[in-house]
There are 2 protein chains.
Amino acid sequence: MTRYNHPTRILVALDCIIFGFDGEFLKLLLIKRNFEPEKGKWSLMGGFLNEEEDLEVAAARILYELTGLRDIYVEQLQTFGKVDRDPVERTVSVGFFALINIDDHDPEAVKAHNAYWISLNDIPELIFDHAKMVELARERLRYKAALHPLGFELMPEKFTIPQLQKLYEAIYGMTLDRRNFSRKLLSTGLLIDTGEKNENSATKKATLYKLNREKYQDKFHEFWNFMPDTFLI
Amino acid sequence: MTRYNHPTRILVALDCIIFGFDGEFLKLLLIKRNFEPEKGKWSLMGGFLNEEEDLEVAAARILYELTGLRDIYVEQLQTFGKVDRDPVERTVSVGFFALINIDDHDPEAVKAHNAYWISLNDIPELIFDHAKMVELARERLRYKAALHPLGFELMPEKFTIPQLQKLYEAIYGMTLDRRNFSRKLLSTGLLIDTGEKNENSATKKATLYKLNREKYQDKFHEFWNFMPDTFLI
DNA sequence: ATGAATTGTGTTTAGTTGACACAATATTAC
DNA sequence: GTAATATTGTGTCAACTAAACACAATTCAT
């Protein structure tokens, strides 16, 4: 096979910023490394791009390996290419941004990788430029969730409007008006009333909704407005 | 120096999608290749990432080489990593999205690279996956320009509101109401009246404005709304 | 002077947003 | 069993914003 002559071949890594929501806090799935390099320190889940592997396939592989999940919400975040970002060897890393329902992950796989769900408010020091990746992913989440119905990717199959509101309050670190939030959400037509109630509640049981997936697919790229206009990025 | 053992090192390329606006049409700066591979065909301006070079520095280098411009609007678009995207050799390419004032570029440099400004409505067949890059860049432009005051990056230093409107109409392929557009723009406080008029006009001379750069910097990341609500991505 | 093309500004109506009130439901304490 | 407490569901209203539309002003050609 013909090859390009002059340029340098470089390692291409992938790192995954995996978000979950436990009903109260936004969390990231982080790894306490029991392998080299930087053994004993915290990092994102990552891996290298193989010779015969599409980039997106590699991301799905790495996410599956840690969570046991396929077909979850993934998008490219950004590629990080500072010369000295990895002290071992020049490595360019493509960051991937994933949202999962925290109840769906495979605990065995997570345990096997020595991974833990860590609250976004409590992220430890991370290796390399992973803190920058996390910060960018957080901004991306705040950005997109204000415009697109992204939040549902973090919710269980059936959920209540108050639960959803708690998610948005966690994302933006602010309290929202219950009544306006409910009106806005219901007006999107994205929610289907399951007829069931949340039996876990100690007071009035909230209605359980599920996502209207057809409408979600169709209208995902439209601009919506899930946050008050007073909110600024 | 220690190196990682197992993974394959891969070529990392950069490709630049460079937008300009000539007052009527949105255009891309494309290259008619007088070099291998794919000599004689059209492509984006690109290059390879060097061993001792930051990714963003490489993008700025490639953009400078073609346009003679520094400090222009650049953002990462996406990284393209299909196995067979480059038939010569496995290459991952980071796409960069650039907006320039079409009057500012260095014609010598453009000529030296055998590059031409091609209307977005008239893009020729492009090598590799460059058509996909262009399509994604176009979507990104449509997305961001609806929310952020991105359009100014494509305008000359002094411009009129009708000129700006023509740009938005070119981006979205739709006509806009002159009066509502003007009101919306002026209400942002981003425009400074230079006191001058556009002397090129054969009829009533429009006011020349310049960008309030301080406010532009400050408020760029706020959500604005430069397109009617009836507009959908 | 008059007409044609273009620019600048104003008005109106419909719809949306944000602030806030009250009623209904479920559990616990008494 | 009734009251108190916490939570959920629905409604109202005033202020604001957007979209549609009208008219006056400017400039040049005739």
Side-chain angles (χ1 to χ4, degrees), chain A residues 23-24 146-147 149 155 158-170 172 174-210 219 222-232, chain B residues 23-24 145-147 149 155-156 158-170 172 174-210 219 222-232:
Chain A
E24 188 176 10
L147 298 167
M155 300 301 286
K158 295 175 185 175
F159 55 87
T160 69
I161 291 184
Q163 284 169 359
L164 201 56
Q165 182 177 338
K166 284 204 179 65
L167 168 61
Y168 277 82
E169 290 180 336
Y172 296 103
M174 67 193 290
T175 57
L176 299 172
D177 184 275
R178 208 165 49 76
R179 296 152 290 191
N180 293 336
F181 183 82
S182 173
R183 175 157 42 85
K184 202 173 263 187
L185 253 294
L186 288 171
S187 74
T188 62
L190 285 174
L191 301 186
I192 299 175
D193 188 334
T194 63
E196 300 169 63
K197 299 284 181 182
N198 176 17
E199 295 299 331
N200 296 329
S201 172
T203 58
K204 181 169 180 176
K205 295 170 187 354
T207 304
L208 282 164
Y209 292 91
K210 62 177 181 178
K219 311 285 188 181
E222 287 184 18
F223 288 153
W224 271 324
N225 184 10
F226 293 99
M227 292 300 293
D229 289 351
T230 48
F231 155 78
L232 304 176
Chain B
E24 188 175 11
L147 298 167
M155 301 301 287
K158 297 176 184 176
F159 54 87
T160 69
I161 291 183
Q163 284 169 0
L164 201 56
Q165 182 177 338
K166 283 202 180 64
L167 168 60
Y168 278 83
E169 290 180 336
Y172 296 104
M174 67 193 291
T175 56
L176 297 172
D177 184 275
R178 209 165 49 76
R179 297 153 289 191
N180 293 335
F181 183 81
S182 172
R183 178 158 34 81
K184 203 174 264 186
L185 254 294
L186 288 170
S187 74
T188 62
L190 285 174
L191 301 186
I192 299 175
D193 189 334
T194 63
E196 300 169 63
K197 299 286 180 182
N198 177 17
E199 295 298 331
N200 295 330
S201 173
T203 59
K204 181 167 180 176
K205 295 170 185 356
T207 305
L208 282 164
Y209 292 91
K210 63 177 181 177
K219 310 285 187 182
E222 287 184 17
F223 288 151
W224 271 326
N225 184 10
F226 293 99
M227 292 299 293
D229 289 350
T230 49
F231 154 78
L232 303 177

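Here is how names work: the chains are called A, B, and so on, in the same order as the sequence lines, proteins then strands, and each is numbered from 1.
Between A:F226 and A:L185, the closest side-chain pair of non-hydrogen atoms falls below 4.5 Å.
Between the C1' atom of C:dT25 and the CD1 atom of A:I161 lies a distance of 16 Å, rounded to the nearest Å. A straight line from CZ of A:F181 to C1' of D:dT10 spans 17 Å, rounded to a whole angstrom. In this entry the distance linking CD of A:Q163 with C1' of D:dT7 reads 13 Å, nearest Å. For A:L164 and D:dT8, the CG to C1' distance is 15 Å, given to the nearest whole Å. For the pair A:D193 CG and D:dT8 C1', the interatomic distance rounds to 13 Å; values are reported in whole Å. Here C:dT16 presents its C1' atom at 16 Å from CG of A:L186, a figure rounded to the nearest Å. Rounding to whole angstrom units, CG of residue A:L176 and P of C:dA19 are separated by 11 Å. Straight-line distance from the CZ atom of B:F226 to the P atom of D:dA19: 14 Å, rounded to whole Å.
Across the interface with DNA chain D, nearest-nucleotide mapping of A:R178 and B:D177 shows A:R178 to be the residue nearer the 5′ end.
When distances run from any side-chain atom of A:N225 to the nucleotides C:dT17, D:dT8, C:dG8, the shortest one goes to C:dT17.
A donor-acceptor pair under 3.5 Å is formed between the side chain of B:Q163 and the backbone N or O of B:T160. In this structure a side-chain-to-backbone donor-acceptor pair under 3.5 Å is present from B:Y172 to B:A146.
Evaluation of the salt bridge (Lys or Arg N to Asp or Glu O under 4.0 Å) rule for A:R179 yields A:D177 as partners, not counting sequence neighbours.
For the OP1/OP2 pair of D:dG9 and a distance below 4.0 Å, the side-chain nitrogens and oxygens of A:T207 include at least one atom meeting the criterion. Proximity of A:K205 to the phosphate of D:dG9: no side-chain N or O atom is located under 4.0 Å from OP1 or OP2.
With hydrogens and angles left out, the side chain of A:N180 and the base of C:dA19 share a donor-acceptor pair within 3.5 Å. Donor-acceptor pairing under 3.5 Å, judged by distance alone, is present between the side chain of A:R183 and the base of C:dG18. For a distance-only test at 3.5 Å, the side chain of B:R179 fails to qualify as a donor-acceptor partner of the base of D:dA19.
Against DNA chain C, the stretch residues 194-204 of chain A makes heavy-atom approaches under 4.0 Å through A:A202, A:T203, A:K204.
A side-chain hydrogen bond (donor to acceptor under 3.5 Å, both in side chains) with A:N180 is found for one member of A:R178, A:K184, A:R183 and no other, namely A:R183.
Within the structure, ring-ring contact (aromatic ring centres under 6.0 Å, His included) contacts touching residues 177-199 of chain A (residues at least two apart or in different chains) are A:Y168-A:F181.
Residue-environment remark: NZ (A:K210) stays at or below the threshold of 12 foreign heavy atoms within 6.0 Å.
In this structure, B:T160 reaches neither bases nor backbone, as no heavy-atom distance under 4.0 Å exists between it and the strands shown.
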